[in-house]
Amino acid sequence: MDNTLSFDRNVWWPSPAKLNLFLHINGRYPNGYHQLQSVFQLLDFGDELAFELNPEGTIHLGTPIDGVPHDDNLIVKAAMLLRKEIITRQRQQTSSPLGCNISLKKRLPMGGGIGGGSSNAATTLVVLNQLWQGNLSLTELAGLGLSLGADVPIFVHGFTAFAEGVGEVLEPFYIEPTTYLVVFPDCHVSTQQIFTHPNLPRNTPKIAAADYHFNNTHNDCQQLVSELYPNVANTLRWLLEYAPSRMTGTGSCVFSTFHDPSEAERVQKLLPTGSISFIAKGVNRSPLHQQLTTFSN
């Protein structure tokens, strides 16, 4: 990876959303973690981050999120983790202090299961690795990111993928161009509650990546979440009247698939007043990595 990226504080770096197009739970490992299969579909819509190097060597997020302490934000955690790793590898103080002022444009709803916080952390790792000339590979950055959250590696690698294991075994996977209407049911689902619930199915047979089709897969969490969170059930019921629809991950966001973007726009306008939603196109390569390529050339 070319680490010659020039710094411009006016550059906003994409932090895209993702969808789990399906989620099968195949069993459990001896350590209790669930054995999963999924397709992580990256989107062309998300948050944005800007980075301004500072000479003090401090890490500061200038646009905090209500209810999230500064040092608990995944953006700050990612920056601190990377700084520690770079200093450890160099075994000495760097030539310039590894400090940064960070700004965030938040567009993705929190707690929706579309990867907002994990994507923020991944963008921070990838961009600061270049700005700080850390020289870590994407694989090494993904390893750091995994300690922050299971979804961080997919955003670090930056490609739509067929996922296995606990979600960390990733194989690049091509999805035909699709437009998605994503709706946030205005509730926050506890991933821990769902994955520890006794009624969660855990015996779906594995499929081969080549056999994937939206219509022959499902989300093993969807029925349970719908029972526990009526807003999710109601939103799904409404969307299914118009297009193939499904919950992403453990929720709470649900999505509908469209081949015609104008149809997605039509359905979005029909949503109940006050609904939180966005329309995005699926992409096979992350907007972050597309922008990195542009800046590195």
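Atom NZ of Lys105 is surrounded by more than 12 heavy atoms from other residues, nucleotides or ligands within 6.0 Å. Annotation for His259: atom NE2 does not count as buried by contact number, only 12 or fewer foreign heavy atoms lying within 6.0 Å. Environment of NZ in Lys206: crowded, with over 12 heavy atoms of neighbouring residues, nucleotides or ligands closer than 6.0 Å. The number of heavy-atom neighbours closer than 6.0 Å to CD of Glu56, taken from other residues, nucleotides and ligands shown, is above 12.
Contact check for Tyr33 versus Arg28: no side-chain heavy atoms found under the 4.5 Å cut-off. Residues Thr160 and Val283 have side chains not in contact (no heavy-atom distance under 4.5 Å, counting atoms from C-beta outward). Residues Ile279 and Glu265 meet the side-chain proximity criterion, which asks for heavy atoms closer than 4.5 Å. Using a 4.5 Å heavy-atom threshold, the side chains of Asn203 and Asn26 count as separate. Ser262 places a side-chain heavy atom less than 4.5 Å from the side chain of Asp260. In this structure the side chain of Lys281 never reaches within 4.5 angstrom of the side chain of Phe45, judged on heavy atoms. Residues Pro14 and Thr123 have side chains not in contact (no heavy-atom distance under 4.5 Å, counting atoms from C-beta outward). Side-chain atoms of Phe51 and Ser103, non-hydrogen and from C-beta on, never get closer than 4.5 Å to each other.
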Query - Pair Leu144-Glu140, side-chain contact (heavy atoms from CB on, under 4.5 Å): steps then yes or no - result: CA-CA 6 Å; Leu144 286 180; Glu140 291 169 331; over 6 Å; no

**Report entry** Check against side-chain contact (heavy atoms from CB on, under 4.5 Å), Leu42 and Asn284
**Finding:** CA-CA 7 Å; Leu42 296 181; Asn284 289 296; over 6 Å; no

Report task. In sequence, state the C-alpha distance, the side-chain angles, and the governing distance for His218 and Phe22, and then conclude on side-chain contact (heavy atoms from CB on, under 4.5 Å). Result -> CA-CA 5 Å; His218 59 273; Phe22 80 99; over 6 Å; no

Query raised in the report: Going through the checks in order, is the side chain to side chain donor-acceptor pair (under 3.5 Å) test met by Tyr229 and Gln193?
Result: CA-CA 12 Å; Tyr229 297 85; Gln193 178 193 22; 2.6 Å; yes

Requested in this report: Give the intermediate values and the outcome of side-chain contact (heavy atoms from CB on, under 4.5 Å) for residues Leu138 and His289.
Outcome: CA-CA 11 Å; Leu138 288 181; His289 290 260; 3.9 Å; yes

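Under the 3.5 Å distance criterion, the side-chain polar atoms of Gln291 are matched with a main-chain donor or acceptor of Trp12. Not one N or O on the side chain of Glu171 forms a donor-acceptor pair closer than 3.5 Å with the backbone of Phe162. Distance alone, capped at 3.5 Å, is enough to place a donor-acceptor pair between the Thr178 side chain and the Glu176 backbone. Between the side chain of Arg202 and the main chain of Phe195, a donor-acceptor pair closer than 3.5 Å is present. Remark: side-chain polar atoms of Asn54 are paired, donor with acceptor, to backbone N or O of Gly57 under 3.5 angstrom. Listed for the Ser275 side chain is a donor-acceptor partner under 3.5 Å among the backbone atoms of Pro272. Side-chain atoms of Asp72 do not come within 3.5 Å of backbone N or O of Val68 as any donor-acceptor pair. A distance-only check finds a donor-acceptor pair linking the side chain of Ser15 to the backbone of Asn120 [under 3.5 Å].
Cluster membership for Leu104 and Leu82, using ILVMFWY side-chain heavy atoms within less than 4.5 angstrom, is shared. Residues Phe258 and Val183 share a single hydrophobic cluster, defined by chaining ILVMFWY side chains whose heavy atoms lie under 4.5 Å apart. Tracing side-chain contacts under 4.5 Å through hydrophobic residues (I, L, V, M, F, W, Y), one never reaches Met110 starting from Ile114; they form parts of separate clusters. Hydrophobic cluster membership is shared by Val152 and Ile75, with clusters built from Ile, Leu, Val, Met, Phe, Trp and Tyr side chains linked at under 4.5 angstrom. Linking ILVMFWY residues whenever their side-chain heavy atoms come closer than 4.5 Å, directly or via other members, places Leu53 and Val126 in the same cluster.
What you find for Asp47 and Arg107 is that their closest heavy atoms are OD1-N, 2.6 Å. Heavy-atom minimum distance, Leu200 versus His34: CD2-NE2, 4.1 Å. The heavy-atom pair separating Pro185 from Thr235 by the smallest distance is CB-OG1, 3.6 Å. Nearest heavy-atom pair, Leu43 versus Gly282, reported as atom, atom and distance to 0.1 Å: CD2-CA, 4.1 Å. The minimum heavy-atom distance between Ser245 and Ser256, with the atom names listed, is OG-OG, 2.6 Å. Residues Val166 and Glu168 approach most closely at N-OE1, 2.7 Å, considering heavy atoms.
Within the model, atoms OH of Tyr180 and CG of Leu21 stand 4.5 Å from one another, a figure rounded to the nearest 0.5 Å. For the atom pair Asn215 CG and Tyr212 OH, the distance stands at 8.5 Å (nearest 0.5 Å). Rounding to the nearest 0.5 Å gives a distance of 12.0 Å between NE2 of His24 and CD of Glu164. Rounded to the nearest 0.5 angstrom, Leu271 CG and Ser277 OG are separated by 5.0 Å. Atom OG1 in Thr294 sits 7.5 Å away from atom CD in Gln290 (nearest 0.5 Å). Atom OG1 in Thr250 sits 8.0 Å away from atom CG in Leu23 (nearest 0.5 Å).
Under the 6.0 Å cut-off for aromatic ring centres, Phe295 and Trp13 qualify, their centroids lying closer than that. Under the 6.0 Å cut-off for aromatic ring centres, His70 and His60 qualify, their centroids lying closer than that.
Remark: Arg246 is positioned above the aromatic ring of Phe214, its terminal NZ or CZ atom under 6.0 angstrom from the ring centre and at most 45 degrees off the axis.
Side-chain polar atoms of Thr293 and Arg285 form a donor-acceptor pair below 3.5 angstrom.
A side chain to side chain contact (heavy atoms under 4.5 Å, CB included) with Asn20 holds for exactly one of Val39, Asn219, Thr248; it is Thr248.
Salt bridge status for Asp151 with Lys18: present, with a side-chain N to carboxylate O gap under 4.0 Å.
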